Enquirer: 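Here's a structure for you.
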Amino acid sequence: MAYEFKPLTADVASAASAVVRRSIVECCGDDHAGRPEVIETWTANKTPDNFRQWLSAPQAAVGAWHRGELVAVALVNDASLLLCYAVPEALHQGVGQRLLWAAEEGARAAGVKEIRLDSTRTALHFYLRNGYACAGEPQHWAGLTAQPMCKRLAPRHDD
């Protein structure tokens, strides 16, 4: 399948919100175990209004499109990867890795030297395969476990 990767803008806030919410519900069962209260807490701030705000000034916001439809979203701000989600149909096709690389490149271009994130159980091995290391004890919140991770970003060739 052919995917197009490009910056996200506030005009796709509703689609970005839908991608993230769908990914959480359908792909992150290892984390929420189908518990409605955990899903609700996790997705509560993933609204179109919040996405419009988040997409107004990130260091890197990247989306993957397939046949004109947004299928994956990544957002970096303040040297933190805040979001990296894909719909089920886009999983295991290299989309997440290419999306992550694009987000890292956007962060690098903004001067970020090290990127941090809090990984779900579902995504932990994905981040480990992509050069991230555990950076502290797992954190627990609202029925979820998040593993702090970090990765030193190699300098750009033109730096």
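As a basis for the values below, the full set of heavy atoms in this structure was taken, side chains included, without hydrogen atoms, waters or symmetry mates. Position 1 is the first residue of the sequence; numbering continues from there. None of these values were measured; they are calculated from a predicted model.
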Enquirer: Between Val62 and Trp65, is there a shared hydrophobic cluster once you connect ILVMFWY residues whose side-chain heavy atoms come closer than 4.5 Å?
Expert: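 Same cluster: Val62 reaches Trp65 through Ile, Leu, Val, Met, Phe, Trp or Tyr contacts under 4.5 Å.
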Enquirer: Which heavy atom of Leu81 sits nearest to which heavy atom of Ile115, and what is that distance?
Expert: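 Closest approach of Leu81 to Ile115, heavy atoms only: N-CG1, 4.0 Å.
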Enquirer: For residues Val76 and Ala107, report the shortest heavy-atom separation together with the two atoms involved.
Expert: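 Val76 and Ala107 have their closest heavy atoms at CG1-CB, 3.9 Å.
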Enquirer: Could you measure the distance from the NZ atom of Lys151 to the CZ atom of Arg116? Nearest 0.5 Å is fine.
Expert: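 It is 15.0 Å, given to the nearest 0.5 Å.
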Enquirer: Roughly how far, to the nearest 0.5 Å, is CG of Leu75 from CG of Leu8?
Expert: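 The CG atom of Leu8 sits 8.0 Å away from the CG atom of Leu75.
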Enquirer: Are there more than 12 heavy atoms of other residues, nucleotides or ligands under 6.0 Å from atom CD of Glu137?
Expert: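 Counting other residues, nucleotides and ligands, CD of Glu137 stays at 12 neighbours or fewer.
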Enquirer: Got Lys46 and Val20 here, is their nearest side-chain heavy-atom distance under 4.5 Å?
Expert: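 Yes, side chains in contact.
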Enquirer: Does the side chain of Thr120 come within less than 4.5 Å of Trp42's, by heavy atoms?
Expert: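 Heavy-atom side-chain distance check passes, below 4.5 Å.
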Enquirer: Counting distance only, does the side-chain N/O of Ser23 pair as donor-acceptor with the main-chain N or O of Ala86 below 3.5 Å?
Expert: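 Here the side-chain-to-backbone pair exists.
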Enquirer: Apply the side-chain hydrogen bond (donor to acceptor under 3.5 Å, both in side chains) test between Tyr3 and each candidate in Arg98, Gln93, His66; give the one that qualifies.
Expert: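 That would be Gln93; it is the only one of Arg98, Gln93, His66 passing the side-chain hydrogen bond (donor to acceptor under 3.5 Å, both in side chains) with Tyr3.
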Enquirer: How long is the span from the CD atom in Gln139 to the OG atom in Ser119, to the nearest 0.5 Å?
Expert: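 Output value for this atom pair is 13.0 Å.
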Enquirer: For a quick test of reading the model, state the closest non-hydrogen atom pair linking Leu100 to Tyr132 and the distance between them.
Expert: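 Taking every non-hydrogen atom into account, CD1-OH, 3.7 Å.
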Enquirer: Of all the heavy-atom pairs spanning Asp31 and Leu144, show the shortest one and how long it is.
Expert: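 Shortest heavy-atom contact: O-CD2, 3.7 Å.
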Enquirer: Rounded to the nearest 0.5 Å, what separation is found between the OG1 atom of Thr41 and the CD atom of Glu37?
Expert: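 Interatomic distance, Thr41 OG1 to Glu37 CD, rounded to 0.5 Å: 7.5 Å.
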Enquirer: Indicate yes or no for a side-chain donor-acceptor contact from Arg21 to the backbone of Thr43 under 3.5 Å, with no hydrogens or angles considered.
Expert: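 Yes, Arg21 side chain to Thr43 backbone: donor-acceptor pair under 3.5 Å.
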Enquirer: Which atom pair, heavy atoms only, marks the closest approach of His140 to Thr145?
Expert: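 For His140 versus Thr145, the nearest heavy atoms are ND1-OG1, 3.1 Å.
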Enquirer: If I take atom CG from residue Leu124 and atom SG from residue Cys134, how far apart are they, to the nearest 0.5 angstrom?
Expert: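 If we round to the nearest 0.5 Å, Leu124:CG and Cys134:SG are 5.5 Å apart.
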Enquirer: Walk me through it: do Phe51 and Leu83 pass the test side-chain contact (heavy atoms from CB on, under 4.5 Å)?
Expert: CA-CA 11 Å; Phe51 267 90; Leu83 302 168; 3.6 Å; yes
Enquirer: With distance as the sole test, does Asn50 use its side chain to make a donor-acceptor pair with the main-chain N or O of Asn45 at under 3.5 Å?
Expert: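 A pair under 3.5 Å: yes.
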Enquirer: How close do Ala64 and Leu99 get, counting heavy atoms only, and between which atoms?
Expert: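 Minimum heavy-atom contact is N-CD1, 4.1 Å.
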Enquirer: In sequence, state the C-alpha distance, the side-chain angles, and the governing distance for Glu89 and Arg22, and then conclude on salt bridge (Lys or Arg N to Asp or Glu O under 4.0 Å).
Expert: CA-CA 11 Å; Glu89 300 80 35; Arg22 183 169 172 224; 2.5 Å; yes
Enquirer: Are Val71 and Leu91 connected into the same hydrophobic cluster when the rule is that any two of I, L, V, M, F, W, Y join if their side-chain heavy atoms are below 4.5 Å apart?
Expert: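 Different clusters: Leu91 never reaches Val71 through Ile, Leu, Val, Met, Phe, Trp or Tyr contacts under 4.5 Å.
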Enquirer: Do you reckon Tyr85 sits in the same ILVMFWY cluster as Val25, going by side-chain contacts under 4.5 Å, direct or chained?
Expert: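 No, it is not one cluster - the side chains of Tyr85 and Val25 are not joined through contacts under 4.5 Å.
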Enquirer: Between Leu128 and Trp101, is there a shared hydrophobic cluster once you connect ILVMFWY residues whose side-chain heavy atoms come closer than 4.5 Å?
Expert: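 No, Leu128 does not connect to Trp101 through the hydrophobic network.
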Enquirer: Would you say that more than 12 heavy atoms from the other residues, nucleotides or ligands in this model lie under 6.0 Å from the CD of Gln97, or not?
Expert: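 Enclosed.
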Enquirer: Is there a continuous path of hydrophobic side-chain contacts, each under 4.5 Å between heavy atoms, that joins Val87 to Phe5?
Expert: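 Same cluster: Val87 reaches Phe5 through Ile, Leu, Val, Met, Phe, Trp or Tyr contacts under 4.5 Å.
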Enquirer: Please assess Arg108 against Leu153 for the test side-chain contact (heavy atoms from CB on, under 4.5 Å), listing each intermediate value before the final yes or no.
Expert: CA-CA 7 Å; Arg108 187 179 293 109; Leu153 297 179; 3.8 Å; yes
Enquirer: How about Gln147 and Tyr127: does a side-chain donor come under 3.5 Å of a side-chain acceptor?
Expert: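 No, no side-chain donor-acceptor contact under 3.5 Å.
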Enquirer: Taking Ala13's backbone N and O only, do any of them form a donor-acceptor pair with Ser17's side chain (distance below 3.5 Å, no angle check)?
Expert: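 Such a contact is absent between Ser17 side chain and Ala13 backbone.
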Enquirer: To the nearest 0.5 Å, tell me how far Cys28 SG sits from Arg121 CZ.
Expert: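 One gets 11.5 Å once the value is rounded to the nearest 0.5 Å.
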